[in-house]
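Below is one structure, written out as structure tokens, with a few remarks after it.
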Amino acid sequence: MKEISILEIENIKIGNAENQEAKTGVTAILCETCAPCGVDIRGGGPASRETPLLSPLAASTGVHAVLLCGGSAFGLDAAGGAMRYLEEKDIGFDTGITKVPLVCASSIFDLGLGDKNVRPDFNMGYQACVNAEAGNYQNGSFGAGCGATVGKFLGPEFALKSGIGSFAVQLGTLKVGAIVCVNALGDIYQGGKIVAGLLSEDKKGFRSTCDEMLKSIQRVDNPFVGNTTIGVVVTNGKFSKSEMNKIAQMAHNGLVRCISPVNTSADGDSIYAMSVGDVNADVNVTGTIAAEVVEQAIINAVMSAAPGSGLPCAKDICA
């Protein structure tokens, strides 16, 4: 396999839009030809829109866009802007009366980092699509990753700034990539070592969130409201919606490999998977690669993040 840019995968456009002062934003992944799409949701607190469309039992054959958003459930309003953008381009499901763009969205909780009254909205969702035309996507504290943080078990004092990251590879004619916004309760591991997460008491290194959690078995009522890792896997492999649901499920293993703890009741962990091409490939091979690119996209997200709102970033600590 060779590494490629996520933007080298055909038939998709990716754009960021954000409000850096308010620390929130949107990342839009567009497939104007309609992509068979699946999803795997393992976190206990997801904020999402139109996910029932992705059930193999639903009539829709695919979607035209997936949005990753800040703003918690409020941020799902950004999907309306994406719908308007696609409608203006005469893109959508033909109902015989008008074309209705099919847009899925998931949000992270970032309301505690910047201005809680500013959330991704119709205008920001529209702008993210405009920016996708220009290919403005970049890793780091941009788009949906603008207000992302990790390592929040002991509160914001010991949390770390995170962001959004991507990674893609090519194997023969098959291309598989992932874009992941990392806003986890837990820590991020690479090679068995914490590279981002809960800060130590002196804030010069990291300590294990799992170790801190295991100090008490007492029930804690909703102490963590700011979590969720959301992402999109994109492949030029030709797959059905049912197969893309399986690939999304396998891709979620990338979270399990490098985030701990993960899939808690305080997280809304969700991974989408879109088929945007016509390359014949094995579903299990593609799903295995998907897990790998998700894992590396998570590492790229935290290592590309910039400090913000008084929080350091992984590059500062690791250096």
Side-chain angles (χ1 to χ4, degrees), residues 6-7 12-32 34-35 37 46-51 53 63-93 98-149 161-164 166 179-183 226 228 230-232 268 270 272 274 301 305-306 308-309:
I6 189 78
L7 298 175
I12 59 164
K13 298 173 182 177
I14 309 169
N16 289 328
E18 64 278 318
N19 183 321
Q20 286 290 355
E21 276 191 22
K23 292 293 182 237
T24 194
V26 176
T27 300
I29 300 95
L30 308 181
C31 181
E32 297 174 357
C34 192
C37 186
S48 63
R49 178 188 187 277
E50 295 279 42
T51 50
L53 287 175
V63 299
H64 302 96
V66 176
L67 265 59
L68 305 178
C69 313
S72 189
F74 295 111
L76 299 175
D77 284 348
M83 289 188 69
R84 173 64 61 82
Y85 175 85
L86 292 166
E87 181 187 28
E88 289 175 355
K89 298 188 71 174
D90 197 34
I91 293 168
F93 178 74
T98 187
K99 289 185 178 178
V100 179
L102 303 180
V103 178
C104 291
S106 279
S107 293
I108 66 167
F109 189 104
D110 56 6
L111 301 178
L113 191 66
D115 185 343
K116 65 180 178 62
N117 296 312
V118 177
R119 303 96 179 232
D121 57 10
F122 181 100
N123 292 332
M124 191 179 287
Y126 188 97
Q127 188 60 50
C129 295
V130 171
N131 293 344
E133 288 287 348
N136 86 324
Y137 174 78
Q138 57 182 316
N139 294 341
S141 300
F142 304 99
C146 187
T149 51
K161 187 70 184 70
S162 183
I164 192 167
S166 66
I179 303 169
V180 185
C181 179
V182 183
N183 193 57
T228 290
I230 53 178
V232 180
S270 306
Y272 296 84
M274 303 172 73
S309 298

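Between Pro120 and Asp77 the shortest heavy-atom distance is O-CB, 4.2 Å. Here the closest non-hydrogen pair linking Leu76 and Ser107 is CD2-OG, 3.4 Å. Closest approach of Gly147 and Asn183 over heavy atoms only: O-OD1, 4.1 Å. Residues Val63 and Leu102 approach most closely at CB-O, 3.6 Å, considering heavy atoms. When all heavy atoms of Tyr126 and Glu88 are compared, the closest pair comes out as OH-OE1, 2.6 Å. When all heavy atoms are compared, the tightest approach of Leu30 to Cys129 is CD2-SG, 3.8 Å.
Between Leu86 and Lys99 there is no side-chain heavy-atom pair separated by less than 4.5 Å. Taking 4.5 Å as the limit, some side-chain heavy atom of Pro46 sits within range of a side-chain heavy atom of Ser270. For the pair Lys89/Glu133, a side-chain contact is recorded, criterion being any heavy-atom separation below 4.5 Å from C-beta on. Looking at Thr149 and Leu113, their side chains come closer than 4.5 Å, going by heavy atoms from C-beta outward. Using a 4.5 Å heavy-atom threshold, the side chains of Ile91 and Pro101 count as separate. The shortest distance between side-chain heavy atoms of Thr27 and Leu67 does not fall below 4.5 Å. Side-chain atoms of Val232 and Tyr272, non-hydrogen and from C-beta on, do get closer than 4.5 Å to each other.
Here the straight-line distance linking atom CG of Asp115 with atom CG of Asn117 works out to 5.0 Å at 0.5 Å rounding. Here the straight-line distance linking atom CE of Met274 with atom SG of Cys34 works out to 8.5 Å at 0.5 Å rounding. Note that the OG atom of Ser166 and the CG atom of Leu7 stand 7.5 Å from one another [nearest 0.5 Å]. Here Asn123 contributes atom CG and Arg84 contributes atom CZ; the two are 10.0 Å apart, rounded to the nearest 0.5 Å. Taken from CG in Asn131 to CD in Glu18, the straight-line distance is 8.0 Å, to the nearest 0.5 Å. Between Gln20 atom CD and Phe142 atom CZ the span is 6.5 Å, to the nearest 0.5 Å.
Using modelled atom types, no side-chain atom of Lys13 and backbone atom of Glu32 make a donor-acceptor pair closer than 3.5 Å. Remark: side-chain polar atoms of Asn16 are not paired, donor with acceptor, to backbone N or O of Ala128 under 3.5 angstrom.
Scanning for side chain to side chain donor-acceptor pair (under 3.5 Å) contacts around Glu87 gives an empty result, with sequence neighbours left out. For the side chain to side chain donor-acceptor pair (under 3.5 Å) test, no residue two or more places apart in sequence or in another chain qualifies with Ser162.
The environment of Phe93 atom CZ is sparse: at most 12 non-hydrogen atoms of other residues, nucleotides or ligands sit within 6.0 angstrom.
Figure legend: Arg119 and Phe74 shown as a cation-pi pair, the cationic atom lying under 6.0 angstrom from the six-membered ring centre and within 45 degrees of its axis.
A salt bridge does not link Lys23 with Asp110: every distance from a Lys NZ or Arg NE/NH1/NH2 to an Asp or Glu carboxylate oxygen is 4.0 Å or more.
Judged purely by distance below 3.5 Å, without hydrogens or angles, the side chains of Thr24 and Asn19 never pair a donor atom with an acceptor atom.
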